[in-house]
Amino acid sequence: MEILGIDVGGTGIKGAIVNVETGKLTSNRRRIPTPNPATPEAVAETIQKIITHFKWKGPVGCGFPTPLQHGTCLSGGNLHKDFKNLKIDVFFKAKTGNDFTIVNDADAAGLSEVAFGAGKNVNGVVIMVTLGTGIGSALFLDGKLLPNTEFGHVLHKSGCVFEKYAANSIRIEENLSRKQWGKRLHKYFKHINLILSPDLIIVGGGSSKKFSKFEAQINIKTPIVPAIAENDAGIIGAALAVKQGLK
C-alpha cells in the first residue's frame with residue numbers, strides 16, 4: 001500500500017511516496033524550500049507542486065509544524081499567523097483536490113519510529129523529540145500515540161520556552177558549537193526526563209543525522225537514541241497517519 005507523505009518544515013517542504021507496510025520510500029524525495037512568507041496560500045501552492053511532481057491522485061498524509069487539534073491549527077507556529085484557527089485539511093483539499101490527513105510533524109516522525117524504527121516493540125513511555133527550527137514532541141504509551149503534545153514549550157528557568165533556548169535554529173543564530181549546544185540540550189532533556197520519566201527518548205529532525213556530535217553532552221539515565229529514519233521519519237509517519245485513520 002503506497003501513500004504520498006509530505007513533511008512541512010520551517011525551511012523546506014519535502015515529500016515522497018511511502019510503502020506504509022514496510023516504512024520504505026518507494027520514490028526519491030522531492031524537496032522545495034518553504035516559501036517566505038509562509039502564508040497558507042503559498043504553502044498550499046508548494047504542496048501542490050509536490051503532488052503534481054508525483055502525479056499523485058490519492059490521499060495525502062501531511063506532517064505540519066504547528067499545534068493542531070483535529071486538523072485545525074491552534075497557532076501559526078513558525079510559519080505564519082494566518083494559519084491560526086485554519087482547518088488545514090479542508091483548506092488543502094480545496095486547493096489541491098486531494099484528501100488530506102494532517103498530523104503534527106513531530107507526531108508524524110514519532111509514528112514512523114515507533115512502527116519501524118528506534119521505538120519499535122518498546123513498551124512503556126516513549127518520547128520523540130524533533131530538533132529543527134523549533135522543538136517538537138511526540139508521546140507514546142505502549143506504542144499508542146497521545147497526540148498534540150508541545151514539550152518544546154516547557155519553560156526554561158529564564159522564563160522563555162525551551163525551543164527559544166535550545167532549538168537547532170538557535171544554535172545557528174547564536175553560532176554555538178555542537179558542544180555548547182549539547183550542554184543546552186542536556187538541560188532540556190534533563191527537564192523532560194524529570195517531568196515524564198520516559199523509558200526511551202528518540203531524537204529526530206534534521207539534527208538526528210548529527211547526533212554523535214552532541215550526544216556526549218547529554219547525561220541522563222534514560223536511554224536516548226537518534227531516529228533510525230533520520231530526516232525521512234516525518235514523511236514516513238505522515239503517510240502512516242493516513243493508513244491509521246488519524247484525525
Side-chain angles (χ1 to χ4, degrees), residues 9-11 38 63-69 73-81 83-84 103-110 113-114 118-119 122 124-141 145-227 230-231 233-234:
T11 58
F64 211 74
T66 67
L68 294 167
Q69 188 172 36
C73 288
L74 302 183
S75 80
N78 291 309
L79 292 176
H80 194 277
K81 60 182 178 60
F83 274 107
K84 186 175 182 179
V103 292
N104 175 265
D105 59 342
D107 282 349
E113 286 300 306
V114 166
V122 178
V125 177
V126 174
I127 183 168
M128 173 90 165
V129 174
T130 57
L131 302 174
T133 305
I135 294 178
S137 61
L139 184 64
F140 295 83
L141 177 61
L145 175 67
L146 284 68
N148 305 321
T149 59
E150 288 290 337
F151 291 118
H153 288 262
V154 295
L155 293 181
H156 180 254
K157 66 180 181 180
S158 67
C160 72
V161 296
F162 253 105
E163 77 170 10
K164 299 299 184 184
Y165 174 76
N168 189 48
S169 58
I170 301 301
R171 176 190 68 80
I172 295 169
E173 180 182 318
E174 297 186 16
N175 196 30
L176 300 174
S177 68
R178 298 282 180 183
K179 184 174 182 180
Q180 289 172 317
W181 186 45
K183 289 179 179 179
R184 292 193 181 192
L185 289 172
H186 167 74
K187 294 177 184 178
Y188 174 68
F189 285 115
K190 183 179 179 181
H191 189 56
I192 289 298
N193 201 48
L194 173 67
I195 63 177
L196 291 176
S197 300
D199 296 286
L200 176 68
I201 297 172
I202 305 170
V203 176
S207 300
S208 59
K209 294 181 289 187
K210 304 289 186 180
F211 182 71
S212 63
K213 295 185 180 295
F214 56 83
E215 66 172 317
Q217 309 305 318
I218 302 170
N219 183 22
I220 59 175
K221 291 184 178 180
T222 300
I224 180 167
V225 298
E230 296 182 338
N231 212 20

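- Side-chain contact between Val103 and Pro147: absent, with no pair of heavy atoms (C-beta onward) separated by less than 4.5 Å.
- Judged by distance alone, with hydrogens and angles left aside, the side-chain atoms of Asp199 form a donor-acceptor pair with the main-chain N or O of Val125 at under 3.5 Å.
- At distances below 3.5 Å, not a single donor-acceptor pair connects side-chain atoms of Asn148 with backbone N or O atoms of Asn104.
- The side-chain heavy atoms of Cys73 and Leu68, taken from C-beta on, include a pair separated by under 4.5 Å.
- Closest heavy-atom contact between Gly119 and Ile202: N-CD1, 3.7 Å.
- Nearest approach of Val161 to Gly152, heavy atoms of both residues: CB-O, 4.0 Å.
- The closest side-chain heavy-atom distance from Ile201 to Ile220 is below 4.5 Å.
- The aromatic rings of His156 and Phe162 lie perpendicular to each other, with more than 60° between the two planes, well past the 30° mark.
- Judged by distance alone, the side chains of Asn78 and Thr133 never bring a donor and an acceptor atom under 3.5 Å apart.
- In this structure a side-chain-to-backbone donor-acceptor pair under 3.5 Å is present from Glu113 to Ala118.
- Contact check for Phe189 versus Thr222: no side-chain heavy atoms found under the 4.5 Å cut-off.
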Open item on the list: Set out, in order, the CA-CA distance, both residues' side-chain angles and the distance that settles side-chain contact (heavy atoms from CB on, under 4.5 Å) for Ile218 and Tyr188, then state yes or no.
Closed with: CA-CA 9 Å; Ile218 302 170; Tyr188 174 68; over 6 Å; no
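- Nearest approach of Gln180 to Leu176, heavy atoms of both residues: OE1-CA, 3.4 Å.
- Checked by atom type and distance alone, the side chain of His186 pairs as donor or acceptor with a backbone atom of Asn219 at under 3.5 Å.
- Residues Gly182 and Gln217 approach most closely at C-CB, 3.4 Å, considering heavy atoms.
- Closest approach of Ser208 to Pro226, counting heavy atoms only: O-CB, 3.8 Å.
- Between the Thr130 side chain and the Gly136 main chain, a donor and an acceptor come within less than 3.5 Å of each other.
- Between the CD1 atom of Ile224 and the CD1 atom of Ile192 there is a distance of 10.5 Å, given to the nearest 0.5 Å.
- The main-chain N or O of Ile135 is found under 3.5 Å from a side-chain atom of Glu163 such that the two form a donor-acceptor pair.
- Looking at Asp105 and Phe64, their side chains never come closer than 4.5 Å, going by heavy atoms from C-beta outward.
- Listed here is the closest heavy atom pair of His191 and Leu155: NE2-O, 4.2 Å.
- Within the 4.5 Å cutoff, no side-chain heavy atoms of Asn193 are placed close to those of Lys190.
- The closest donor-acceptor contact from the side chain of Ser207 to the backbone of Leu131 lies under 3.5 Å.
- Using a 4.5 Å heavy-atom threshold, the side chains of Phe211 and Val225 count as separate.
- Looking at heavy atoms from C-beta onward, Ile170 lies in side-chain contact with Arg184 at the 4.5 angstrom threshold.
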